[in-house]
Amino acid sequence: MAIELEKIRTTADRVAGSYGLEVVDVDSDPALEARYGELVPVLVGSAGEICHYHLDPAKVNDYLNKIG
């Protein structure tokens, strides 16, 4: 998912300025593992979960438009 996010970075930068990407090992944190379980990989923004399993460009664009 991180590679796919980098592919849309130009669009994201245009829409919402710039964004940071932090990769977190959900399985190494009991609280995150309990919260997301099998929904990994998961993309989470400040307003909550954006998408899981696969990158959903439409959901990412909707999110960026909402916060931008």
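Note that this is a predicted model, so its numbers are computed, not measured.
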### Ile50/Val44 under side chain to side chain contact (heavy atoms under 4.5 Å, CB included): CA gap, chis, key distance, verdict
CA-CA 5 Å; Ile50 300 169; Val44 178; over 6 Å; no

### Query
Do the side chains of Tyr36 and Pro41 get nearer than 4.5 Å, heavy atoms only?
no

#### Entry: Distance (rounded to the nearest 0.5 Å) between Glu49 CD and Arg35 CZ
8.5 Å

### Task
Flag the pair Val40 / Tyr53 as yes when at least one side-chain heavy-atom distance between them is below 4.5 Å, and no otherwise.
no

### Message
If I take atom CG from residue Asn61 and atom NZ from residue Lys66, how far apart are they, to the nearest 0.5 angstrom?
### Response
12.5 Å

### Message
Let me confirm one number: the CG-CD distance from Asp27 to Glu33, rounded to the nearest 0.5 Å.
### Response
5.0 Å

### Message
Once side-chain contact (heavy atoms from CB on, under 4.5 Å) is applied, do any residues pair with Asp29, and if so which ones, sequence neighbours excluded?
### Response
Ala31, Leu32

